Structure formats: structure tokens, C-alpha cells
Amino acid sequence: MNYSKATDQKWQEEWKKNGLYKYNPNSEKPKYYTMEMFSYPSGAKLHLGHWFNFAPADSFARFKKMQGYNVFHPMGFDAFGLPAENYAIKTGIHPEDSTMKNIETMKRQLAEMGGSYDWDYSVQTCMPNYYKWTQWLFVKLYKAGLAYKKEAPVNWCDSCKTVLANEQVIDGCCERCGTVVVKKKLSQWFFKITDYAEELLNDLDKIDWPESTKKVQQNWIGRSTGSEVTFKTEDGKHDITVFTTRPDTLNGVTYVVLAPESSLVDEIMTEDRKKAVEEYRAETAKLTEIDRLSTERPKTGTFTGAYAINPLTGDKVPIWIADYVLEDYGTGFVMAVPAHDERDFAFASKYNLPIKRVINSKDGKEPELPYCEYGVLVNSGKYDGLTSEEAKEKITADLEAQGVGKKTVNYRLKDWLVSRQRYWGAPIPVIYCDDCGTVVVPEEDLPVKLPYDVEFKPDGVSPLKKSKEFMNCTCPKCGKPATREADTLDTFVCSSWYQLRYPDANNDKEIFNKETVNKMNPVDCYVGGKEHAAMHLIYTRFMTKALRDMGYLNFDEPFSKLIHQGLILGPDGNKMSKSKGNTVSPDEYVEKYGSDVFRMYLMFGFEYRKGGPWDDKGIEAMTKYFARVEALVQKLKEVEGNSTEISLAEEDLLRLKNQTIKAMAKNIEDFQFNTAIARSMELLNGINAYINGGKINKEVFTNCVETLLKVLAPLAPHFMEEEWHVLGKTSSIHNEAWPEINEKELQGGNIVIPVQVNGKLKAQVEVSSNLSKEEILEAVKKDEKVARLIENNEIVKEIYVPGKILNLVVKK
RNA sequence: GCUGAUGUGGCGAAAUUGGUAUACGCACAGCACUCAAAAUGCUGCGAGAAAUCAUGUGGGUUCGAGUCCCACCAUCAGCACCA
């Protein structure tokens, strides 16, 4: 076989030289914006997962180009983040140096893959010309009231003196030193994504995304309707407002629970309970949120000594704290109805708190407690006899009349915490002035540059705080000495808007040109991993909507269509990881077989959306397929042709050709590359069978081979370019249009009609494709086998699905 | 526990969305070429002697079910004291 890695290199150089993949922003053709989630340059190289994600997606982009679109298919790098910083702490290599080196390597590998990217439209989020605009966005969000500061807990390792990411906390301990991780409260920045909760939920209907991903987002947003109810403390000094989806059970409240860290606890707890409360709080601080939410752990809590008054009944109920109540979900306070809630029942049983039945089942029976279904109210005074549904309305209305309750919607979605106590990120553009307070950096002073020379080894102080040069500044308002915010932005902020930047990536004057951004967006097809279903994909939707409301964008959703590629597992069926030692490097395969064989094998051997365990058994078969294509092209060059007629053999071949074009277009559009390649193999087999028949119509033969090369061009770009030139063509195959379907040729020839009797396949009858139902019936009844089956029976029904099947229903 | 996905030959998988189940490959076997092997090409390849039976299992709807409905089993993934 002639195809090899050298073929790849030859054409990569050629394409680069003549700018084949230069994007033309002024093209008259309709735009098609498709991109893959940009890669994170943490490892030094592209891994198999990258290939499986990028190579088929690149083929898709090439296909859209052949279909006549002005395809915009950019690639960039999500370059800030924790791994580069950790690597730096371990090796002493500066994150900027390692990151830039990795990016260069990955770019080279993406070129070796044959990626049709125009690198003039690329972003690297760690470059000042990019993060300047990330910071600009922060400023805009702040001015729009969508960025604010509040206290929030972080994971703290007291031994390493550093804040830990959730990922660095293993079983509640620091991954580096094993010390128990505690919660520490810091003042941090948030984006008000909850303002958009309702729209983020509703607009899921507008987009062509996998249903499972939409469900993840629905759960993440977690809308629930219920009521807010305000309990007063016994002394009347404090309000305790709870959210409940079950106001019908309000008569059964026997205690109230607060999140242990709530500041209200300090104000209401009695002197004699202080010690117990503080001890309990210290225990709670050691727990991760995962622990606190774990169902495995026994429920614990302690009494605060204070009491609250049930606004409906006037009952005095004790106020407890318990770690299963989280400060940032709902109001941070919970009313407990042990008779009708599993968790409250377990808690009340453990601490001997009263359990009061207020709901019976609708058939009037007294079910075993806890009974969590809807039913009929009992022991509820004037509400007795109402159904749960009725009581919810009535009780909420009564509370509202007294000003101690109202109907409300609650979301699980929390505001987006964007502060990171890290070095390798975009500095938060905020200045603190003794006189003026919190001042955002004026737009004209951006970017706030991340200083290179900083001590980022963990020692209890945020890295940027140790740079006097960075920290000390003057207040933009009053000109007095001031200090900068030392935290950096979550990298999800950087990635929440990059698709808006690509079409205008080199614009120094503004974040993007308003006309360009609205012309190119939304992204028509976005491809990336399922693991981003919640975070990245919801943050980007939020940012799009926020920018729209500020008047910059005129669309609502960033990604019209979304595709998730599957995961390639290790040969052992487990997720590939260095620690498991089951990783597979794409490089050696590319070296040995060439990029096209490798990418074709990835597409043919695995379902794109599904992935599966790695297995290279079939890769040789792809090499074999390439050799057969080469042989066919060679044959076409050599053969003279000995016929000009269009007989049945030619008609059949031409029909196959048209079927192939049609099927492959549909398959590639749907990211079903495995079947697309199968169809191309069928065409190749068909052409081979034709030429082995002896009689060759050169024109038909040429037409079919050229078609085969064209439909394979997006899938095996280097190899097809080579074969195209072997045929004597001088221009690139990648400037060819996707072959057109000839309807006449598609309809020609004979068809085989499967014949069923009573739903069972009994015969196949070959007929001309343009016969009517009656004519076909007639032909079928002449068939020997069919005739025998219907001989002594009555035909009750004849069902004919044109071109597909004939079913005769017979009765004896 | 909840939610979602998946289940088809020895293997990867396909099936125009209710219309010939197993396309296209891998592996395997036989034949041709060869002194021989490799490579290549051709042929066969779900089970069964056959009638028939087969898409995780059991029902149902239909002229017709891998596909739709009900129940169940298995595997994988995500979420979870969410008030």
C-alpha cells in the first residue's frame, strides 16, 4: 500500500501553503459554526479521548464544507486551571511555561490529525488579550448587579495551609498530607445565575440537545413550588423562615432545625447549650458536603435551648441544629414533621422528639408512620377533612393573610461561586479602597495582568497576596493607595463565553464586534463530553442570557445542537487512567498506520455517542480497505473500457452509487460514522463486482470511483486527496462539492419484494420498480412457492407497503 | 432509593424509526495463486436434519414487533438527608 504517514505530511504542508482551511468571513455562502469543546492542555499530549472527540467532529466540519456552507470550525485552549499550578508546585516549572509548551505540542498533533482549523481564529484563555475580556465581563456583570460578594465556606487543610478543591479532598482528608479537611469561611465573589433559573429551565425546550442532558440540567436547576412559612422565636425577637413543599403538614411540626453554621444560632442559643452547640459545630466543619448529604451516615444534631412558635397552631416547638441542613439550600432552616417525612421521623425517633400524625390516607385509614404520601388532614383543627392538595392552598392563604407565609418557588440551583484562592487564573478585577470600598477596575485599565514572578507554593496566603507589586495600587475613584483582590476567577468563567470570541479573536478594541458575533452565533453544532452536562453547559447558557440582557447579543441560547461523544475505555473496560496503567497512546498508531487509517478506524469501530473498551483488532482491516481503494483507482487509470451502453448492470451500480451518497450524508449529519463507512465499503464492493463482470462502461466506472473518493474525502482527508491527484486532478478534492443525488438513477433497475404470508416471510419476488400494487400482486401470485401457500386458502387481506413488503393474510 | 441509559451471532456492531433481523467489518473455515508461507482474491459463516426457533426474561397490541405498551431481570452512569 502506498498510503502512509508521509502522505499525511505531504498534504498537510500543501494545504498549509495554499491556505485551504483559511476561514473567509466575507463569504456569500450560508455560515455553519461548529466546534468541539476546547481542550485543556494539562497533559503534554493529545490522548486517545481527544482523538475520538476531535477527528470525527473534524470530518463532520469537512462534510458541511462540501455541502456548501461557509464552515467556521475553530479550536482553542482552556489554559488556566489547577493541574498546571499543581504541576508547578511539584516540579517548579512555571504554569505559564508548561502550559505554553503543552499548547504547542497539542497544536502540532492536531495538525498531524489533519484538523481543518484556522489557527488565526484561536483563543488561549491564559493570554492577556483573552482574559482582559473575561475581566471585562466580570465588570459588566458587576455593574448589572449580577456579581456580588458574600461569605462562603472553602475546604481548608490546616497542615498544607491551603484551600483545597473538592477533587483534592479524599474521604474528608487532604490528598497531599491526609490531614482532616475543615470548612473555613471566606468572603467570595458570586454570579447571580439564580436570577436566570426560570429561563434556563424553560429555554431547554428551544434547543436540540440530548434529552438526558436536558434532564441533568432540569435536576440541577431543581425547581420546586411550595410555601415560605415564618416561625417566630419564643421571645418574638427573631424570624425563622422555612421553605416547605408540604404546608399541609404544618400542624404536625414538632421541632425546627437550623443549619449549624447559621449565624442565627449564635443569637438564640441558651447559655447552658452553648458548649454542646459549639462542639457540634466543630464536628460539622470537618465534614464535606458529600458526607453531610450521605444517607449512610446516622442523623445527628443538638438542641439550641431556644423555642419557636408555630404560626398556625401557636405551639411551642424546640429549635435544633443538625448537619443535614445546609445553609445555602432553601432558607437554611427546616420545619420538621416527623410523622410525614422519613428523615424527620428517624431524627425524632433518635432524640425522642414528639411525633404527631396529621395526615391519613385518602380512604380514611391510618397508615403506618412515617406516611409521606398526600392524604386527608386529621388533628389539624379547622383543616380536618381537607385533602392535602386543598389544605396546601388554604393554609398558605391563611398564613399570607397574617403576613407569615406565602407561595413561593424554590430552586436547587445555587449562585455561581467564581472566586478561587489560586495563582493560575484570571485576576478578579476589583480594588479595595479604605474610603471608597469595593471598586471595580475601570474598563480602560484592563487587563489586570497576572504577574509572572509570584511565589505560589502553598503557605496559607493566596499567591497573589504575596506580590506587593500586584497588590498595591491606587484607587481609580479617589487616587489614594488601595489594594487589589487577590483571588482569581474560576476557569469555568473563561470557558463560558469563548465561542463568542472565536469569530473576532484578534479584536483588541472590544470583546467582539456586535455585528460579527450576532451573525456567527449561535453555534450550530457543539460537540463535547457528557461530563459537562451541568456545569460548563449551564454557565455558558447563563452568560449568553446575561449578555443578551445587556444588549450585546440578539439570541437566547449559545448552542443550537449538542452532541456528546462516548468514552473510549481502557482495554480492560475501565476508564483510562495513568494510575490504572490502562492508557493507550494514539501516537504510535498514527506513526504506524497514518492519521487517516487511525481516524477511520476510530469512526468505524466505535459508535460515536457510545465509545467502548479500546481494542485494535480491526485496525489492520482499515489498512486493507485503503489498499482496496488504491487498487480500484489504479484499475481505473489502466482500464480502457469496452462498452458504452447503460444496461441492467450499469443501472444497478448507478442506483447503488446514489443510495450511498444519500445514506452517507444522513449518517454523517447524525454523527453515525460507523455506518457511513460501511456504506462506502458497500459501494466499493459494488464497483469491484461490476468491473469483475468483464464489461466496463468507462464513464460509469469513472463516475462511481470519483464519487467514492468524494464521499470518503471528509473521513480520510489526506488519503483521498492523494488518490484524487493520482487520478490526475490538479485541484484539491476538499474544494469539491458533496456529490448530488440523481433521482432518476436512484429509481432505476429492478426491486426485490419480500412476500409474507400471515406475517411470515415466504418468498422474494423480483419486479420492476415502477409496477402498481395490482401488477405486483399478479406477479407474486404466479410465484411457485407463493401459489402453493395460498392454493386452498382464502386471501382475507393484502397489505402492500410500496417498495418494502407484501403481506398476504390468508384463512383456511 | 430516585433518575437516565444500555441489553441483538464467537467479537465490534447494523436495521430507512412498525415492514426481509444479523448490513459493514473482525475472527474462523475451505478453495485459488505459491515449491511453501505471507499477502491477495473467491466462497461459506445465528441455531437446527427439517418443520421451525432465535434481538435479556414473561405477557400484550398489530396483518406484521429488535422497534410500541405492561411487568420483571442484569449491567453501567448520574444524582441524592433538597426540606
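For clarity, every value in this text was computed on a predicted model and none was experimentally measured. In what follows, chains are A, B, ... by sequence order, proteins preceding strands, each numbered from 1.
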Open item on the list: Once you apply a heavy-atom cut-off of 4.0 Å, does A/Gln672 come out as touching a base, just sugar-phosphate, or nothing?
Closed with: sugar-phosphate
Open item on the list: What contact category does A/Gly222 fall into here, base, sugar-phosphate, or nothing, at under 4.0 angstrom with non-hydrogen atoms?
Closed with: nothing
Open item on the list: Counting only Watson-Crick pairs (N1-N3 plus N6-O4 or O6-N4) and G-U wobbles (N1-O2, O6-N3), all under 3.5 Å, who is the partner of B/rG1?
Closed with: B/rC79
Open item on the list: Categorize A/Lys666 for me: base, sugar-phosphate, or nothing, with a 4.0 angstrom heavy-atom threshold over every strand shown.
Closed with: nothing
Open item on the list: Over all strands shown, is A/Gln756 touching base, sugar-phosphate only, or nothing at heavy-atom distances under 4.0 angstrom?
Closed with: base
Task: P gap between B/rG66 and B/rU57, integer Å - done: 12 Å
TODO: Counting Watson-Crick and G-U wobble pairs only, both distances under 3.5 Å, name the nucleotide matched with B/rA37, or none.
DONE: none
Task: A/Phe626 CZ - B/rA39 P separation (whole Å) - done: 19 Å
Task: Of A/Tyr3, A/Phe52, A/Phe719, A/Trp51, the residue whose pairing with A/Phe598 passes ring-ring contact (aromatic ring centres under 6.0 Å, His included) - done: A/Trp51
Task: Touch class at under 4.0 angstrom, heavy-atom based, for A/Asn807 against every strand present - done: base
Task: A/Lys624 side chain, from C-beta outward: closest of B/rU40, B/rU20, B/rG19 - done: B/rU40
TODO: Indicate, with a heavy-atom threshold strictly under 4.0 Å, whether A/Tyr625 touches base, sugar-phosphate, or nothing.
DONE: nothing
TODO: State whether a side-chain donor-acceptor pair under 3.5 Å links A/Ser224 with A/Thr245.
DONE: no
Open item on the list: Any strand counts, and the cut-off is 3.5 Å on both contacts for Watson-Crick or G-U wobble. Which nucleotide pairs with B/rC28?
Closed with: B/rG44
TODO: Check every atom of B/rG25, B/rA83, B/rC82 against the side chain of A/Ala621 and return the nucleotide holding the closest atom.
DONE: B/rG25
Task: B/rG7 pairs with, by Watson-Crick or G-U criteria that keep both distances under 3.5 Å - done: B/rC73
- [ ] Would you mind classifying the nucleic acid contact of A/Lys214 as base, sugar-phosphate or nothing, using non-hydrogen atoms under 4.0 angstrom?
- [x] nothing
Open item on the list: Counting only side-chain nitrogens and oxygens, does A/Lys215 get under 4.0 Å of the OP1 or OP2 atom of B/rC79?
Closed with: no
- [ ] Name the closest nucleotide to the A/Ile799 side chain, picking from B/rC24, B/rA14, B/rG19.
- [x] B/rG19
Open item on the list: Using atom C1' in both nucleotides, what's the gap between B/rG60 and B/rA50 to the nearest angstrom?
Closed with: 31 Å
Task: Spacing between A/Gln659 atom CD and B/rA23 atom P, to the nearest angstrom - done: 17 Å
Open item on the list: Students often get this wrong, so: under 4.0 angstrom with heavy atoms, is A/Arg246 touching a base, only sugar-phosphate, or nothing?
Closed with: nothing
- [ ] Round to a whole Å and report the spacing from CZ of A/Arg609 to P of B/rA5.
- [x] 14 Å
- [ ] Drop me the distance from A/Met600's CE to A/Phe626's CZ, to the nearest 0.5 angstrom.
- [x] 4.5 Å
Open item on the list: How many whole angstroms separate atom CZ of A/Phe606 from atom C1' of B/rC26?
Closed with: 12 Å
Task: Close side-chain approach of A/Thr230 and A/Phe333, heavy atoms under 4.5 Å - done: no
- [ ] Drop me the distance from A/Leu201's CG to A/Arg223's CZ, to the nearest 0.5 angstrom.
- [x] 7.0 Å
TODO: Would you indicate which nucleotide in B/rA83, B/rU20, B/rC11 comes nearest to any side-chain atom of A/Ser224?
DONE: B/rA83
- [ ] Taking only the side-chain heavy atoms of A/Lys797 (C-beta and beyond), determine which of B/rC63, B/rC26, B/rG19 contains the nearest atom.
- [x] B/rC63
- [ ] Could you tell me the separation between the NZ atom of A/Lys635 and the P atom of B/rU40, rounded to a whole number of Å?
- [x] 18 Å
- [ ] Measure from the side-chain heavy atoms of A/Ser212 and tell me the nearest of B/rG4, B/rU3, B/rC24.
- [x] B/rG4
TODO: Tell me whether the OP1 or OP2 atom of B/rG25 has a side-chain N or O from A/Asn685 closer than 4.0 Å.
DONE: yes
Task: Separation of the P atoms in B/rA5 and B/rU67, to the nearest angstrom - done: 16 Å
- [ ] Would you mind pulling out the nucleotide paired to B/rU67, Watson-Crick or G-U wobble, both distances under 3.5 Å?
- [x] none
Task: Short side-chain N/O contact from A/Asn674 to OP1 or OP2 of B/rA14, under 4.0 Å - done: yes
Task: Rounded distance [0.5 Å steps], CG in A/Leu656 versus CG in A/Leu746 - done: 10.5 Å
Task: B/rC53 and B/rG48, which share atom name C1', separated by this distance in whole Å - done: 8 Å
Task: Spacing of A/Asp323 atom CG relative to B/rC82 atom P, expressed in whole Å - done: 13 Å
- [ ] Test ring pair (Phe, Tyr, Trp, His ring centres under 6.0 Å) on A/Phe671 and A/Phe673 and set out the steps.
- [x] CA-CA 6 Å; A/Phe671 281 73; A/Phe673 303 101; 5.5 Å; yes
Open item on the list: Need the glycosidic conformation of B/rU22: syn if within 90° of 0, anti if not. Which one?
Closed with: anti
Open item on the list: If I take atom CE from residue A/Met535 and atom CZ from residue A/Phe492, how far apart are they, to the nearest 0.5 angstrom?
Closed with: 4.5 Å
Task: Between B/rU8 and B/rA47 - C1' atom distance, rounded Å - done: 15 Å
TODO: For B/rU17 versus B/rG10, give the span between their P atoms, rounded off to a whole number of Å.
DONE: 30 Å
Open item on the list: Work out how far the C1' atom of B/rA80 is from that of B/rC63, and round it to whole angstrom.
Closed with: 48 Å
Task: d(CD1, A/Ile677; P, B/rG12) in whole Å - done: 18 Å
TODO: For B/rU22 and B/rC76, measure between their P atoms and round to the nearest Å.
DONE: 31 Å
Open item on the list: Mind checking if A/Val257 touches a base, just sugar-phosphate, or nothing, with heavy atoms under 4.0 Å?
Closed with: nothing
Task: Pairing partner (Watson-Crick or G-U wobble, both distances under 3.5 angstrom) of B/rA51 - done: none
Open item on the list: Syn if the chi torsion is within 90° of 0, anti otherwise; quick check, which is B/rG9?
Closed with: syn
- [ ] Could you check whether A/Glu211 gets within reach of a base, just the sugar-phosphate, or nothing at all, counting any heavy atom under 4.0 Å?
- [x] nothing
TODO: Check step by step if ring pair (Phe, Tyr, Trp, His ring centres under 6.0 Å) holds for A/Tyr601 and A/Tyr593.
DONE: CA-CA 10 Å; A/Tyr601 177 64; A/Tyr593 298 100; 8.8 Å; no
- [ ] Give a yes/no answer on whether the side chain of A/Lys762 brings an N or O atom under 4.0 Å of OP1 or OP2 in B/rU52.
- [x] yes
Open item on the list: In whole Å, I'd like the distance from the CZ atom of A/Arg679 to the C1' atom of B/rA23.
Closed with: 6 Å
TODO: Looking at every strand, decide which applies to A/Arg628 at a 4.0 Å heavy-atom threshold: base, sugar-phosphate, or nothing.
DONE: sugar-phosphate
